[in-house]
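This report refers to the structure that appears directly beneath it.
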Amino acid sequence: MINNREKKDTSLFFSHCSGHPKKPLEIYMFIDPLCPECWALEPIIKKLQIEYGRLFTLKHVISGRLATLNITKRKRPEKLAQAWEKTASRTGMSCDGNVWMELSLSSPYIASLAIKSAELQGRKAGLRYLRKLQEMLFIESQNISDEEMLISIAEIIGLDVLEFKVDLHSQSASNALQCDLKITSEMDVHEIPTLAFFSHDVDEEGIKITGYYSYDMYVHVLKEMIGEDIKPSHTPPLKIFLQHFQFVASAEIATVYNMTISEVEKELKKLVLSQTVERVQAKHGTFWRYIGGSNC
């Protein structure tokens, strides 16, 4: 577990990543908890927040719309499994397509509702819940349309579980999700993931990017929106990064630190030996869990 001193240390490096009304830009990230491409964007979003988080606030919008659900239902499980495996192989963010063959993911709506229920306990709580839900689905092949699993995720990340259970069936969570769906409709978002960039200058038009692109594309849009050349903030030491995020993929480390996967493996093996992290092998690629260890 991360202690209070470590929390203070990591916050010094990541404070600029938090939302703040005075930042010049706002990014709306439209996602679906069942979308492997949204999961695959995690390394890029981490890097963008670390290097340029001082310039924008990031708002996640849940967009698991009925139209999307209906399309998913029409696809055979084999096709969905192939799509997941292809995304995992291409991006390094593991997702096991066999989940479509083994489970009945019948109600992505309740997973979306669970994210909004967690968000009622604070924005950061909602983000922690989303990340853990994605890990349980894409890495551990758990059924996130099962209510008991959703409650278990709330317990794991330290939410007020009784409050979460009530909120899961409340009008407040339902209204919050409907608000997200309304934003999705009003912004004419039909595919996910989509990132919409807006300036706080209401006279300027936003820029919408649909799909998965290289990191440089998103930086280019930021520079275009700001209207001048911008320099990235310093990347924190790797151990501080691991302390802050607790559980990350080799692909996330490689993206943030401009390393190859083999370079990441070599560096992390040292931290395994010092009992700072433990290795978690997934179907596609490797994840690393921070466990503390020596401060040497």
Side-chain angles (χ1 to χ4, degrees), residues 1-18 39-47 49-51 53 88 91-96 115 118 121-142 144 149-161 164 234-296:
M1 291 292 289
I2 189 167
N3 62 40
N4 288 334
R5 181 178 175 181
E6 287 176 332
K7 283 182 181 178
K8 186 177 180 181
D9 290 342
T10 64
S11 67
L12 294 175
F13 287 93
F14 294 93
S15 58
H16 71 283
C17 300
S18 301
W39 172 238
L41 264 181
E42 282 286 287
I44 288 172
I45 295 300
K46 277 186 172 60
K47 187 175 179 70
Q49 287 187 296
I50 288 169
E51 294 193 339
T91 66
M93 289 297 285
S94 187
C95 47
D96 188 350
I115 296 165
Q121 297 188 36
R123 175 180 167 275
K124 289 182 179 179
L127 292 175
R128 289 202 314 275
Y129 190 91
L130 170 61
R131 171 69 185 205
K132 181 54 69 175
L133 183 143
Q134 289 174 315
E135 290 171 3
M136 298 300 276
L137 172 63
F138 294 117
I139 304 170
E140 300 191 26
S141 300
Q142 297 297 317
I144 61 160
M149 173 52 59
L150 297 174
I151 293 168
S152 174
I153 293 170
E155 290 175 348
I156 291 168
I157 68 165
L159 294 186
D160 182 322
V161 177
F164 176 82
H234 292 296
T235 305
L238 179 55
K239 187 177 177 183
I240 296 292
F241 175 86
L242 293 164
Q243 283 177 359
H244 184 78
F245 289 108
Q246 294 285 294
F247 186 78
V248 294
S250 289
E252 292 177 291
I253 299 169
T255 297
V256 171
Y257 289 91
N258 298 318
M259 300 166 74
T260 65
I261 293 296
S262 60
E263 287 170 341
V264 171
E265 296 274 335
K266 184 177 179 181
E267 197 63 32
L268 269 291
K269 280 178 183 176
K270 299 174 188 175
L271 296 179
V272 170
L273 290 173
S274 66
Q275 297 185 321
T276 302
V277 299
E278 62 181 7
R279 182 190 187 105
V280 178
Q281 190 61 47
K283 183 175 182 180
H284 298 276
T286 305
F287 287 75
W288 307 91
R289 180 178 286 111
Y290 178 79
I291 56 175
S294 172
N295 289 319
C296 297

For the student: nearest non-hydrogen atoms of L238 and Y257, plus distance: CA-OH, 3.5 Å

Backbone of K239 reached by a side-chain donor or acceptor of Y290 within 3.5 Å: no

Side chain E278, main chain Q275, donor-acceptor under 3.5 Å: no

Shortest non-hydrogen contact from V248 toward K46: CG1-CE, 4.2 Å

Stepwise side chain to side chain contact (heavy atoms under 4.5 Å, CB included) test for Q121 and D160: CA-CA 8 Å; Q121 297 188 36; D160 182 322; 3.6 Å; yes

For the student: nearest non-hydrogen atoms of A249 and W288, plus distance: C-CD1, 4.4 Å

Distance (rounded to the nearest 0.5 Å) between L127 CG and I115 CD1: 10.0 Å

Residue pair F241 / I253: nearest heavy atoms and the distance that separates them: CE2-CG1, 4.0 Å

T91 side chain near H284 side chain, heavy-atom distance below 4.5 Å: no

From CE (M149) to CD1 (I156), nearest 0.5 Å: 7.0 Å

Residues R131, E252; criterion salt bridge (Lys or Arg N to Asp or Glu O under 4.0 Å); working and verdict: CA-CA 13 Å; R131 171 69 185 205; E252 292 177 291; 2.8 Å; yes

Any donor-acceptor pair under 3.5 Å from K132 side chain to I153 backbone: no

Could you list the donor-acceptor pairs under 3.5 angstrom formed between side-chain atoms of residues 264-273 and any protein atom two or more places apart in sequence or on another chain?
unit_1 : atom_1 : unit_2 : atom_2 : d
E265   : OE1    : R279   : NH1    : 2.9
E265   : OE1    : R279   : NH2    : 3.0
E265   : OE2    : T286   : OG1    : 3.3

Gap between atom CD of Q246 and atom CD1 of I157 - 0.5 Å precision: 13.0 Å

Value rounded to 0.5 Å, distance of OG in S250 from CD in Q281: 8.0 Å

Test item: I139 and F247 side chains (from C-beta on) under 4.5 Å apart, heavy atoms: yes

Nearest atoms (heavy-atom pairs only) where E155 meets V161: CG-CG2, 3.3 Å

Between CG on residue L133 and CD on residue E135, distance to nearest 0.5 Å: 9.5 Å

Minimum heavy-atom distance S94-F287, with the two atoms named: CB-CE1, 4.0 Å

Distance (rounded to the nearest 0.5 Å) between Q142 CD and S152 OG: 8.0 Å

Plane angle bin for F138 and W39 - parallel if under 30°, tilted between 30 and 60°, otherwise perpendicular: parallel

